Amino acid sequence: MTGIVPQLLDWFDRGQRDLPWRRPGVTPWQILVSEFMLQQTPVARVEPAWLAWVQRWPTPSATAAASAADVLRAWGKLGYPRRAKRLHECATVIAAEYDDVVPSDVETLLTLPGVGAYTARAVACFAYRRRVPVVDTNVRRVVARVVHGRAEAAASSSPRDLADVETLLPDDELAPKFSVALMELGATVCTARAPRCGLCPLDMCAWRSHGFPSSTARTRRTQRYAGTDRQVRGRLLDVLRGNDSPVTRAQLDVAWLSDTAQRDRALDSLLVDGLIEQTADGRFALAGEGDQAVAADSCVPPLESSAPQANLRR
DNA sequence: AAATCGTGGCG
DNA sequence: TCGCCAAGATT
């Protein structure tokens with residue numbers, strides 16, 4: 001057997017992971033939910049959250065009917081809670097404007113909240129069997145190695161990435177399976193850290209034939225997570241997720257004692273993002289927690305300045 | 001267009 | 001230990 005397509009498809013048939021969103025009967029909406037959750041979050045952590053989520057809210061309208069607070073709690077600690085809010089908004093738009101049916105074309109999908117280049121194509125391909133290139137971080141890395149002989153993907157360029165994959169993409173019926181298989185290869189064999197080339201099903205790889213040249217990209221050191229605004233936001237949100245009713249400012253303050261200015265900034269940004277809200281008596285809750293809650297800026301008109309402010313009440 | 005946005009596991 | 005990485009989107 002020769003050629004990347006048959007080798008990849010045969011390998012996929014032999015040993016693909018049994019992921020719940022790949023099983024028969026899973027709806028386009030449920031696939032969309034999985035794609036939201038998988039944005040920057042590992043499969044292992046998504047799996048239990050997805051199973052509980054689709055059982056509780058199987059359709060866009062069911063999701064839209066839930067409160068933002070319930071959605072944020074169900075999201076739990078998957079990270080990047082703005083995704084949960086956008087998923088909720090996405091459900092609302094699909095229920096109201098698309099008769100509870102997830103759009104099937106990339107163009108329309110791209111207009112939905114939280115749906116970008118990857119997710120739009122993933123849904124069109126995996127849920128509707130459209131022959132469109134699906135480019136995620138795995139695909140970019142595999143193509144960089146197998147086709148271009150480089151250790152890492154070049155800086156992201158959508159047109160070039162899409163053209164690269166379009167060249168490899170087989171005919172209509174095979175395209176979706178080819179795309180999952182390409183992602184699967186990147187996720188389990190052609191990995192970023194310690195690639196398991198001994199398990200690779202491909203007999204032609206430019207990276208291997210060039211002697212596995214190492215990356216030439218100079219590394220820009222990444223920001224430490226500890227002590228960042230993101231960590232503070234996470235702590236604050238964790239307090240609110242754990243309380244069914246609004247909490248006092250003092251209850252939030254104990255979540256971050258070292259830098260009060262940073263704590264205020266994080267709290268304000270959560271209000272700006274619409275993830276939390278302040279009640280009329282000055283307490284705090286997850287967005288949409290209850291009727292006693294009021295919008296963050298309902299008492300003061302929005303500022304005209306370019307920097308968004310939530311008009312935090314003391 | 002580079003920075004921002006959580007969380008946890010692995011090498 | 002600690003930096004890197006994980007099915008990205010948004011501004």
Side-chain angles (χ1 to χ4, degrees), chain A residues 16-17 19-22 30-50 72 75-87 89-90 109-127 132-142 151-153 155-158 161 165 176 179-188 190-196 215 217 219-241 255-256 262 265-266 268-270 272-275 306-308:
Chain A
Q16 65 161 296
R17 293 172 293 178
L19 302 179
W21 45 86
R22 290 180 183 166
Q30 293 163 352
I31 289 175
L32 178 56
V33 172
S34 78
E35 296 301 346
F36 264 84
M37 292 184 170
L38 288 163
Q39 291 168 3
Q40 298 287 279
T41 300
V43 165
R45 239 183 301 161
V46 165
E47 203 165 334
W50 182 86
L72 286 167
W75 193 260
K77 306 200 79 172
L78 286 180
Y80 294 147
R82 293 194 292 201
R83 287 181 297 165
K85 188 170 197 315
R86 290 176 184 143
L87 179 57
E89 293 164 358
C90 188
L109 284 161
L110 282 172
T111 68
L112 299 171
V115 175
Y118 163 75
T119 303
R121 292 168 178 283
V123 169
C125 179
F126 303 142
V132 294
V134 180
V135 182
D136 76 330
T137 181
N138 289 306
V139 170
R140 282 168 35 74
R141 182 176 57 251
V142 171
E152 294 176 9
S156 173
S157 158
S158 192
D161 294 339
V165 177
S179 285
V180 233
L182 208 52
M183 291 170 60
E184 185 87 348
L185 188 72
T188 64
C190 196
T191 53
R193 205 102 44 111
R196 309 158 76 185
S215 171
T219 58
R220 179 165 37 199
R221 62 179 167 284
T222 57
Q223 176 190 46
R224 303 171 66 85
Y225 174 64
T228 60
D229 286 6
R230 293 155 76 177
Q231 186 182 29
V232 184
R233 283 167 55 105
R235 291 277 183 85
L236 295 174
L237 210 56
D238 204 34
V239 171
L240 295 171
R241 273 195 303 260
W256 195 259
Q262 184 182 37
R265 186 178 348 124
D268 191 71
S269 75
L270 289 171
V272 169
D273 286 350
L275 293 172
S306 58

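Keep in mind that the numbers below use all heavy atoms, side chains included, and drop hydrogens, waters and symmetry copies. The structure displayed is predicted, hence computed values, not measured ones. Below, read A as the first sequence line, B as the second, and so on, with proteins coming before strands; counting in each chain starts at 1.
Between A:Tyr225 and the phosphate of B:dG6, there is no side-chain N or O to OP1/OP2 separation shorter than 4.0 Å. Phosphate proximity of C:dA6 to A:Arg141: present, with a side-chain N or O under 4.0 Å from OP1 or OP2.
The pair A:Asp273-A:Lys85 does not meet the salt-bridge criterion, since no charged nitrogen lies less than 4.0 angstrom from a carboxylate oxygen. Using a 4.0 Å cut-off between a side-chain N of Lys or Arg and a carboxylate O of Asp or Glu, A:Glu184 and A:Arg22 qualify as a salt bridge. A salt bridge is absent between A:Asp238 and A:Arg235; no separation between the charged side-chain nitrogens and carboxylate oxygens falls under 4.0 Å.
A:Arg141 contributes atom CZ, which lies 5.0 Å from atom CG of A:Asn138 (distance to the nearest 0.5 angstrom). Rounded to the nearest 0.5 angstrom, A:Arg82 CZ and A:Ser269 OG are separated by 8.0 Å.
Atom OH in A:Tyr80 sits roughly 14 Å away from atom C1' in C:dA7 (whole-Å rounding). Between the CZ atom of A:Arg224 and the P atom of C:dC5 there is a distance of 16 Å, given to the nearest Å. In this entry the distance linking CZ of A:Arg45 with P of B:dC10 reads 11 Å, nearest Å. For the pair A:Glu184 CD and C:dA6 P, the computed distance is 14 Å after rounding to whole Å. Separating the CG atom of A:Asp136 from the P atom of C:dG8 is a distance of 6 Å, rounded to the nearest angstrom. Distance CZ (A:Arg235) to P (B:dG8): 11 Å, rounded to an integer number of Å. In this entry the distance linking CG of A:Leu237 with P of B:dG6 reads 8 Å, nearest Å. Across the protein-nucleic acid pair, A:Glu89 atom CD and C:dA9 atom P stand 15 Å apart, rounded to whole Å.
The A:Arg241 side chain lies nearest to B:dT7 when the options are B:dT7, B:dC5, C:dC2. When distances are taken from the side chain of A:Arg82 to each of B:dT4, C:dA7, B:dT7, the shortest belongs to B:dT4. Among the nucleotides C:dG3, B:dT7, C:dA7, the one closest to the side chain of A:Lys77 is B:dT7. Distance from the side chain of A:Thr119 is smallest to C:dG8 among C:dA7, C:dA6, C:dG8.
Checked by atom type and distance alone, the side chain of A:Thr41 pairs as donor or acceptor with a backbone atom of A:Leu78 at under 3.5 Å.
C:dA9 and B:dG8 are spaced 23 Å apart, taking the P atom of each and rounding to whole Å. Separation of the P atoms belonging to C:dC4 and B:dA3 is 15 Å when rounded to the nearest angstrom. Across C:dA7 and B:dA2, the matching C1' atoms stand 23 Å from one another, rounded to whole Å.
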Name the atoms and distances for all side-chain donor-acceptor pairs under 3.5 Å in residues 114-127 of chain A, with sequence neighbours left out.
from	atom 1	to	atom 2	distance (Å)
A:Tyr118	OH	A:Glu35	OE1	2.8
A:Thr119	OG1	A:Gln39	NE2	3.0
A:Arg121	NH1	A:Pro133	O	3.4

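For a distance-only test at 3.5 Å, the side chain of A:Arg230 fails to qualify as a donor-acceptor partner of the base of B:dT7. Side-chain atoms of A:Arg193 and base atoms of C:dC4 include a donor and an acceptor less than 3.5 Å apart.
A:Trp21 comes within contact range of at least one nucleobase, with a heavy-atom separation under 4.0 Å. Across all strands shown, A:Ala192 has heavy atoms under 4.0 Å from sugar-phosphate atoms exclusively, and none from any base. Using a 4.0 Å heavy-atom distance criterion, A:Gly79 is classed as a base contact. Within 4.0 Å of A:Leu78, counting heavy atoms only, lies at least one base atom of the nucleic acid. Here A:Ala44 lies out of heavy-atom contact (under 4.0 Å) with every strand.
Residues satisfying the side chain to side chain contact (heavy atoms under 4.5 Å, CB included) test with A:Gln40, not counting sequence neighbours, are A:Tyr80.
For the pair A:Phe126 and A:Val115, both in contact range of DNA chain C, the more 5′-proximal nearest nucleotide belongs to A:Phe126. Closest-nucleotide positions on DNA chain C for A:Arg86 and A:Leu19 were compared, and the one nearer the 5' end corresponds to A:Leu19. Nearer to the 5' terminus of DNA chain B, by closest-nucleotide assignment, is the contact made by A:Arg233 (compared with the other of A:Arg233 and A:Ala194).
Taking 4.5 Å as the limit, some side-chain heavy atom of A:Trp21 sits within range of a side-chain heavy atom of A:Leu38.
Non-hydrogen atoms lying under 4.0 Å from DNA chain B are contributed by A:Gln40, A:Thr41, all within residues 32-42 of chain A.
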